Protein chains: 2
Amino acid sequence: MAESSNVAVRRGGRRRSTSRAALEHLAFELFDERGFEDTTIEDIAAAAGIGRRTFFRYFPSKNDVPWGSFDEQLDVMRARFAACPAEMPLLDAVREVVVDFNRVDQAEVPWLRRRMRFILTVPALQAHSTLRYADWRLVVAEFVGERLGEPADALRPQAIAHATLGVAIAAYQQWLADPTVELTQLLDTALRALSTGFA
Amino acid sequence: MAESSNVAVRRGGRRRSTSRAALEHLAFELFDERGFEDTTIEDIAAAAGIGRRTFFRYFPSKNDVPWGSFDEQLDVMRARFAACPAEMPLLDAVREVVVDFNRVDQAEVPWLRRRMRFILTVPALQAHSTLRYADWRLVVAEFVGERLGEPADALRPQAIAHATLGVAIAAYQQWLADPTVELTQLLDTALRALSTGFA
DNA sequence: AAGGTAATGGCACTCGGTGTCGATTGGAAG
DNA sequence: CTTCCAATCGACACCGAGTGCCATTACCTT
């Protein structure tokens, strides 16, 4: 397992001519200039000096560009759930992990904002996001299922995961609309409301 | 405004050669046979005896086929919210309307099940559903906003709308997995849990 | 019968996405 | 240095969804 690191072993072969991150940066510039829909894969590939076909070796689809390396992020979230003390009430744990998960470095805030602006406002990306959210929800549902002693696909874990995600998205939308409030603050407020049944 | 009825006035012109409902039925058969992805618009059009181009005059996209006339449904839901007694607690009202909205005729249950099976299991449809759900959420958020004296796009109305939708989807998924339970029962259970903060 | 109106459907086009395959580029072994 | 292998690249061809355009068809009204 010493080899399974993310550094990639490179036993030989041609070097990759760019990176996901570089393409993402580049694509974001174009999206800002012309808009997401009016930027073609060919535009991005040309700007990056690669072939259209090669673009699809870095991203499975155009819609995946704004998601960066979301899967690795989910591993982090999973780890935080695992590190949660068992005596912490269920929804408190969920809230803390979700809020903490979204506590990003000040320097990265503009990036996060831009990323989320795309995801939450471009229809094609709104739609695609559902597929990525499913993975996010699974992380929550597995934790909740574990705690409740139910399968992750049972009603309560699923309902809680769905509700948590929904509330988090609502908080994100508020954050986009009003940059002066802290994202973590909004998430905390909204998730607290959820855990009290919006009383 | 006497003309704005949905009966369509027909001052002349060629008759429509089919209907949304007929196309939907037909498409569902093909989807069941070959699967959603492996059924092309041309397949559906050919089966219906219309041109490919004409299909897009009945449905804006292939992904919209399983949604039938969802917009009219939303009008119904809006009306039910409007008819809610003002003294009924907020989340009770939401729950009752949502549950009632999903109380369908026994004869239509198989149809609803098939429809939802497509929407909730085919990735392209899962993704697309987000765009339709947005309209659904707006109906809820407008009602909640009205009640709370806040704009529909404020945090609480949005959070409640998102959470309600999420929980409803979780209930639907359970219903799909286990046909023996009543959908309305599942929705009621899940939404009650939501309104008590999943205590 | 004539004229207006709305639906139809063919055509051509764009774009996202995929399979194939030969061409490149590098590391490692001899 | 040469040879071999492995991974990446990128060109080409193809498919299907979706759209603009426009002539044609079918129907209703006068």
Side-chain angles (χ1 to χ4, degrees), chain A residues 3 6-24 26-27 30-31 34-67 118 122-129 131-132, chain B residues 3 5-24 26-27 30-31 33-67 118 122-129 131-132:
Chain A
E3 297 303 83
N6 50 7
V7 199
V9 236
R10 280 208 52 74
R11 308 194 312 276
R14 185 173 178 169
R15 283 195 189 110
R16 299 184 74 100
S17 57
T18 181
S19 69
R20 228 198 295 267
L23 280 177
E24 188 183 335
L26 211 153
L30 296 180
F31 293 163
R34 321 176 196 179
F36 181 83
E37 305 285 2
D38 290 337
T39 304
T40 69
I41 306 278
E42 199 151 345
D43 291 337
I44 303 172
I50 62 175
R52 205 179 80 93
R53 191 65 183 81
T54 300
F55 170 89
F56 287 106
R57 295 207 176 85
Y58 287 86
F59 292 98
S61 80
K62 184 182 174 184
N63 290 334
D64 283 301
V65 172
W67 287 90
F118 287 136
V122 175
L125 295 177
Q126 287 177 1
H128 182 73
S129 65
L131 305 176
R132 296 322 210 77
Chain B
E3 299 302 84
S5 119
N6 50 6
V7 198
V9 237
R10 279 208 56 72
R11 310 195 310 276
R14 185 174 178 167
R15 280 192 192 112
R16 297 182 76 97
S17 57
T18 180
S19 69
R20 229 198 294 266
L23 281 177
E24 188 184 336
L26 211 153
L30 296 180
F31 293 164
E33 284 172 28
R34 320 175 198 179
F36 181 82
E37 304 285 0
D38 290 337
T39 305
T40 70
I41 306 276
E42 199 151 344
D43 291 338
I44 303 172
I50 63 174
R52 202 181 81 93
R53 190 66 183 81
T54 300
F55 171 88
F56 286 105
R57 295 212 175 84
Y58 286 86
F59 293 98
S61 81
K62 183 182 173 183
N63 290 334
D64 283 302
V65 172
W67 287 90
F118 288 135
V122 175
L125 295 177
Q126 286 177 3
H128 181 74
S129 66
L131 305 177
R132 295 324 208 78

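These numbers come from the heavy atoms of this one structure, side chains and all, not from hydrogens, waters or symmetry mates. Every value quoted in this text rests on a predicted model; they were computed, and no experiment measured them. Residue numbering restarts at 1 for every chain, and letters A, B, ... go by the order of the sequence lines.
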- Task: Determine the contact category for B:T54: base if any of its heavy atoms lies under 4.0 Å from a base atom, sugar-phosphate if only primed atoms, P, OP1 or OP2 are that close, otherwise nothing.
- Result: base

- Check the distance between C:dC15's C1' and A:N63's CG and give it to me in whole angstrom. 13 Å

- Task: Looking at every strand, decide which applies to A:R15 at a 4.0 Å heavy-atom threshold: base, sugar-phosphate, or nothing.
- Result: sugar-phosphate

- 5'-most contact on DNA chain D (nearest-nucleotide basis), A:R53 vs B:R14, goes to A:R53

- Measure from CZ on B:F56 to P on C:dG10 and round the result to the nearest Å. 14 Å

- Query: Roughly how many Å is it from CD1 in B:I41 to C1' in D:dG18, rounded to a whole number?
  - Reply: 8 Å

- Item | A:F36 and A:F118 aromatic centres sub-6.0 Å | no

- Task: Whole angstrom is fine here: how far is it from CZ in A:R52 over to P in D:dC14?
- Result: 15 Å

- Hey, does the side chain of B:R16 come within less than 4.0 Å of C:dA7's phosphate (OP1/OP2), counting only N and O? yes

- Message: Using whole Å, what does the distance between atom C1' of nucleotide D:dT8 and atom CD1 of A:I50 come to?
- Response: 11 Å

- Whole-Å gap separating C1' (C:dG16) and CG (A:D38): 15 Å

- Message: What I'd like to find out is whether the side chain of A:L23 reaches to under 4.5 Å of the side chain of A:I50, using heavy atoms alone.
- Response: yes

- Task: Taking all non-hydrogen atoms of both residues into account, name the closest pair between A:K62 and A:T39 and its distance.
- Result: NZ-O, 2.7 Å

- Item | Whole angstrom value for the distance that separates C1' of C:dG16 from CD of B:E37 | 14 Å

- Note on the structure: By nearest-heavy-atom nucleotide on DNA chain C, the more 5' of A:R57 and A:T40 is A:T40

- If you look at every heavy atom in B:E24 and B:V65, which pair is closest and at what distance? CG-O, 3.6 Å

- Item | Donor-acceptor pair, side chain of A:Y58 and main chain of A:T18, under 3.5 angstrom | yes

- Does the side chain of B:Y58 get closer than 4.0 angstrom to OP1 or OP2 of C:dA7 through an N or O atom? no

- Closer than 4.0 Å, any side-chain N/O of B:S17 to the OP1 or OP2 of C:dT8? yes

- Could you state the atom-to-atom distance from CZ of A:F55 to C1' of C:dT18 in whole Å? 14 Å

- Check every strand shown and say whether B:G51 touches a base, only sugar-phosphate, or nothing at a heavy-atom separation below 4.0 Å. sugar-phosphate

